[in-house]
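Scope of the values below: all heavy atoms of this structure, side chains included, with no hydrogens, waters or symmetry mates. Chain identifiers are assigned alphabetically (A, B, ...) following the order of the sequence lines, protein sequences preceding nucleic acid strands; residue numbering begins at 1 within each chain.
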Protein chains: 2
Amino acid sequence: MTSSDGFRRMTTMREVAEAADVSPMTVSNTFRYPDRVQEDTRQRVEDVARQLGYVPNMSAGHLAAGKSRLIGSTIPSVKNSSFYQYISGLEEAADAAGKKLVFMLAESPEQEFEAVQAFIGLRVSGLILIGNEHTPATVDLLRRSGIPLVETWLLHDPIDKAIGYDIAAAVRAACRHHIKAGRRRIGLVSHGDPASRRFRERPPVFRAEMRAAGLREDLIVDVAEPHGFEAGSEALDNLLSLDRELDAVICPTDIVAAGIIFECNRRNIAVPQKIGVIGWGDYEIASAIAPKLTTVKPNPKEIGSGAVKLLFQQDNQLPGLSVDTGFDLIERETAS
Amino acid sequence: MTSSDGFRRMTTMREVAEAADVSPMTVSNTFRYPDRVQEDTRQRVEDVARQLGYVPNMSAGHLAAGKSRLIGSTIPSVKNSSFYQYISGLEEAADAAGKKLVFMLAESPEQEFEAVQAFIGLRVSGLILIGNEHTPATVDLLRRSGIPLVETWLLHDPIDKAIGYDIAAAVRAACRHHIKAGRRRIGLVSHGDPASRRFRERPPVFRAEMRAAGLREDLIVDVAEPHGFEAGSEALDNLLSLDRELDAVICPTDIVAAGIIFECNRRNIAVPQKIGVIGWGDYEIASAIAPKLTTVKPNPKEIGSGAVKLLFQQDNQLPGLSVDTGFDLIERETAS
DNA sequence: TGCGGTGATTGTAGCGCTACAATAGTTCTG
DNA sequence: CAGAACTATTGTAGCGCTACAATCACCGCA
């Protein structure tokens with residue numbers, strides 16, 4: 001193979017054109033607008049192109065056309081398995097729209113900025129970001145670029161458009177579920193990472209609900225890593241030392257919930273009899289673990305496919321449009 | 001925002017140059033080779049660029065330079081949590097090398113072909129693919145393009161270079177571990193998806209080991225989805241109906257192993273007393289579940305970072321180089 | 001026979017940038 | 001103080017492609 005930062009000189013459109021004895025424009029049309037080209041010509045061009053291993057140079061194409069068929073999308077980390085469905089949704093919808101999805105990793109607002117900058121540099125035709133936790137520089141760049149943008153998993157204050165669900169409403173539903181089941185000492189496992197507003201939003205809502213019900217509102221513990229099982233043991237421990245009569249928990253993810261179940265098993269605490277547990281996300285483990293997790297289920301696939309549709313929706317809607325894909329509180333075994 | 005398939009006319013290098021009263025080349029140098037430009041000039045150009053919201057057009061840059069700073073990488077699916085470390089490794093090494101990683105989803109050889117084509121279209125400077133299960137068209141494209149390529153997670157027959165571990169050796173280690181513990185009726189949970197040679201490689205090695213030890217070599221069952229917990233229950237069921245005295249299992253992933261543990265709990269089968277279980281991957285759940293999983297641990301992070309380094313290694317090495325990152329059989333509780 | 005109409009094909013120009021060579025400006029050496 | 005040896009900056013040319021308008025070939029019909 002060639003040197004590390006160049007690439008072997010590849011077949012160009014002109015070479016294909018010469019070999020197929022047509023003009024470059026016909027080759028271009030063959031690839032971009034096949035029905036502008038007569039059947040047999042197209043066939044011939046395609047054959048020659050294949051023989052020569054021709055792959056159109058997107059950079060040149062994008063430059064000349066002033067547009068691209070790429071959609072840029074960030075992924076926060078691949079720890080969270082529920083993003084699988086989200087990404088499937090994105091992929092399917094992008095495919096249907098004839099666009100290509102490219103991803104870059106963005107685990108912090110700073111990395112997100114880098115990713116956004118690279119995507120804008122590539123002149124993607126649309127951008128899909130997770131959440132609304134951006135640096136001011138990112139927001140500025142986004143605004144100036146004018147690239148269609150969808151923020152996902154949340155609804156509030158979109159820069160352009162947003163699709164997701166109402167997290168506060170889901171917290172309320174979880175609280176009320178426990179209360180209705182007669183639980184009186186309810187704990188919340190939260191995650192305060194500044195990068196995660198979608199977690200930070202929860203404690204205030206929780207407190208308000210508890211206050212309204214006349215219950216303790218201070219049973220809140222923080223975990224550093226909401227995608228690890230150990231966080232569950234730790235959180236349970238801390239919660240129990242706050243109130244040893246704790247009888248219910250609401251978790252930031254199903255992983256933490258599973259960690260709590262594992263820990264309860266070890267300590268011989270009966271779930272749901274002694275402690276009721278509500279998870280979040282409806283990950284696979286929710287229905288695999290024994291007892292099965294009661295959990296908050298967003299609609300990741302709908303968020304994904306909806307995001308792409310929203311991106312290219314030709315509405316005269318002013319920016320600020322939010323689409324609510326809803327959520328369900330799936331009742332299984334860990335919280336009656 | 002603008003119409004769906006274009007983007008707002010963005011600031012160009014020439015505009016920045018005019019505003020900063022320098023030539024376009026100085027702007028170019030400011031971004032690409034800062035030390036070719038005098039400190040104060042650079043400062044001025046940077047300020048002006050920031051004010052105008054200038055983001056260099058990578059398409060134009062790539063076209064003009066005949067090269068890019070992008071590395072293309074496929075992700076097979078985001079179901080598998082152990083890829084997190086792999087991707088971290090890629091990201092860190094790419095960062096250190098001053099390259100940008102872009103991902104595309106490739107869940108089948110056909111999707112992989114599309115992704116490779118898109119990456120070549122973008123003229124990435126290197127390509128990192130998972131596994132060696134490619135369509136002939138993909139291999140052909142890869143060969144012709146001459147783009148540096150690393151295949152990961154495997155060692156055999158690389159097109160260009162490969163980095164990973166010896167799966168056959170790991171299967172052998174797992175078999176021998178069970179045998180040494182006195183297990184005599186050992187089952188293998190396999191996964192025959194044609195897209196997954198890394199799974200398909202296992203049964204023959206397993207059979208050979210069993211034969212060599214004079215044990216049954218036909219206790220093999222297939223699961224459709226190696227990343228789901230239910231597969232565990234199902235596999236255990238099938239294995240037990242093949243031999244109700246089954247006393248050991250080797251799994252394709254820790255998820256399946258966890259599913260088997262869950263099922264054993266339900267059926268009151270003691271692990272590891274009655275059945276020993278070896279998982280694969282050392283996912284987080286391996287050390288979270290009770291009893292803790294004995295498992296095969298590859299070195300995902302090393303595979304990731306090694307892949308990037310390998311990609312741009314200026315060795316005179318002929319293509320065909322494979323780097324073995326090894327594996328460990330982590331002894332925990334489910335197989336003594 | 002000629003003329004408009006239709007559809008396929010082609011030439012022109014330029015997208016925004018960078019490699020490279022050339023030029024201007026500045027310092028150093030004998 | 002001339003001229004070599006830098007360094008900072010600038011023109012020139014062209015990367016490979018596509019939008020757009022122009023051209024060409026062919027048909028039917030008056």
Side-chain angles (χ1 to χ4, degrees), chain A residues 3 5-45 48-49 52-70 118 120-125 145, chain B residues 3 5-45 49 52-70 118 120-123 125 145:
Chain A
S3 81
D5 57 351
F7 33 77
R8 180 184 301 172
R9 210 195 149 299
M10 289 192 65
T11 310
T12 68
M13 184 176 276
R14 201 163 50 79
E15 287 162 357
V16 175
E18 273 161 19
D21 198 35
V22 291
S23 75
M25 266 320 295
T26 299
V27 179
S28 176
N29 285 330
T30 301
F31 282 87
R32 202 145 302 283
Y33 308 100
D35 39 313
R36 286 190 191 164
V37 180
Q38 209 173 297
E39 174 64 24
D40 56 335
T41 312
R42 212 187 63 213
Q43 205 55 253
R44 184 156 38 95
V45 171
V48 169
L52 297 179
Y54 172 66
V55 181
N57 184 331
M58 276 196 212
S59 292
H62 294 168
L63 180 59
K67 64 189 177 195
S68 81
R69 295 186 170 283
L70 298 178
I120 294 181
L122 281 172
R123 301 298 191 265
V124 295
S125 63
S145 74
Chain B
S3 80
D5 56 351
F7 33 80
R8 179 184 302 172
R9 208 194 150 299
M10 289 192 66
T11 309
T12 68
M13 183 177 276
R14 200 162 51 80
E15 287 162 356
V16 175
E18 274 162 20
D21 199 35
V22 291
S23 75
M25 266 319 295
T26 299
V27 179
S28 175
N29 284 331
T30 302
F31 283 87
R32 200 145 304 282
Y33 308 101
D35 40 312
R36 285 190 192 167
V37 180
Q38 208 173 296
E39 173 63 22
D40 57 336
T41 313
R42 213 187 62 212
Q43 204 55 252
R44 185 156 37 95
V45 171
L52 298 179
Y54 172 65
V55 180
N57 185 330
M58 277 196 211
S59 292
H62 295 169
L63 179 60
K67 65 188 175 195
S68 81
R69 295 187 170 283
L70 299 178
I120 294 181
L122 280 171
R123 300 297 190 265
S125 63
S145 74

Residues two or more places apart in sequence or in another chain: which of them pass salt bridge (Lys or Arg N to Asp or Glu O under 4.0 Å) with A/R44? none
Grab the N/O contacts between the protein and nucleotides 24-26 of chain C below 3.5 Å, and write none if there aren't any.
none

Heavy-atom nearest pair, A/L122 first then A/H62, reads O-ND1, 4.2 Å
Please check: side-chain N/O of A/S125 versus main-chain N/O of A/R69, any donor-acceptor pairing under 3.5 Å? no
In whole Å, I'd like the distance from the CG atom of A/D21 to the P atom of C/dT9. 12 Å
Could you measure the distance from the CG atom of B/L52 to the CE atom of B/M10? Nearest 0.5 Å is fine. 10.5 Å
Enumerate, atom names and distances included, each donor-acceptor pair closer than 3.5 Å involving a side-chain atom of residues 24-33 of chain A, sequence neighbours excluded.
residue: A/T26; atom: OG1; partner: A/S23; partner atom: OG; Å: 3.4
residue: A/N29; atom: ND2; partner: A/M25; partner atom: O; Å: 3.3
residue: A/T30; atom: OG1; partner: A/T26; partner atom: O; Å: 2.6

With the side chain defined as heavy atoms from C-beta on, B/S23 is closest, among C/dT10, D/dT10, D/dT9, to D/dT10
State, to 0.1 Å, how close A/T11 and A/Y54 come at their nearest heavy-atom pair, and which atoms those are. O-CD1, 3.3 Å
Axis deviation across the helix from C/dT1-D/dA30 to C/dG30-D/dC1, five-pair ends, to the nearest 10°: 50°
Letter per nucleotide, 5' to 3', of nucleotides 16-25 of chain D [B base touched, S only sugar-phosphate touched, - untouched; heavy atoms, 4.0 Å]: BBBBB-----
Quick one: do B/E18 and B/R14 satisfy side chain to side chain contact (heavy atoms under 4.5 Å, CB included)? Show the steps, please. CA-CA 6 Å; B/E18 274 162 20; B/R14 200 162 51 80; 3.2 Å; yes
If only side-chain N and O atoms of B/T41 are considered, is one of them under 4.0 Å from the OP1 or OP2 phosphate oxygen of D/dT9? yes
Those residues at least two apart in sequence (or on a different chain) that pass side chain to side chain contact (heavy atoms under 4.5 Å, CB included) with A/A118 are A/M104, B/M58, B/K100
Under the 3.5 angstrom rule, does the side chain of B/S59 hit a backbone N or O of A/L63 as a donor-acceptor pair? no
Could you measure the distance from the OG1 atom of A/T12 to the CG atom of A/N57? Nearest 0.5 Å is fine. 10.0 Å
A/Q38 atom CD is separated from C/dT6 atom P, nearest whole Å, by 18 Å
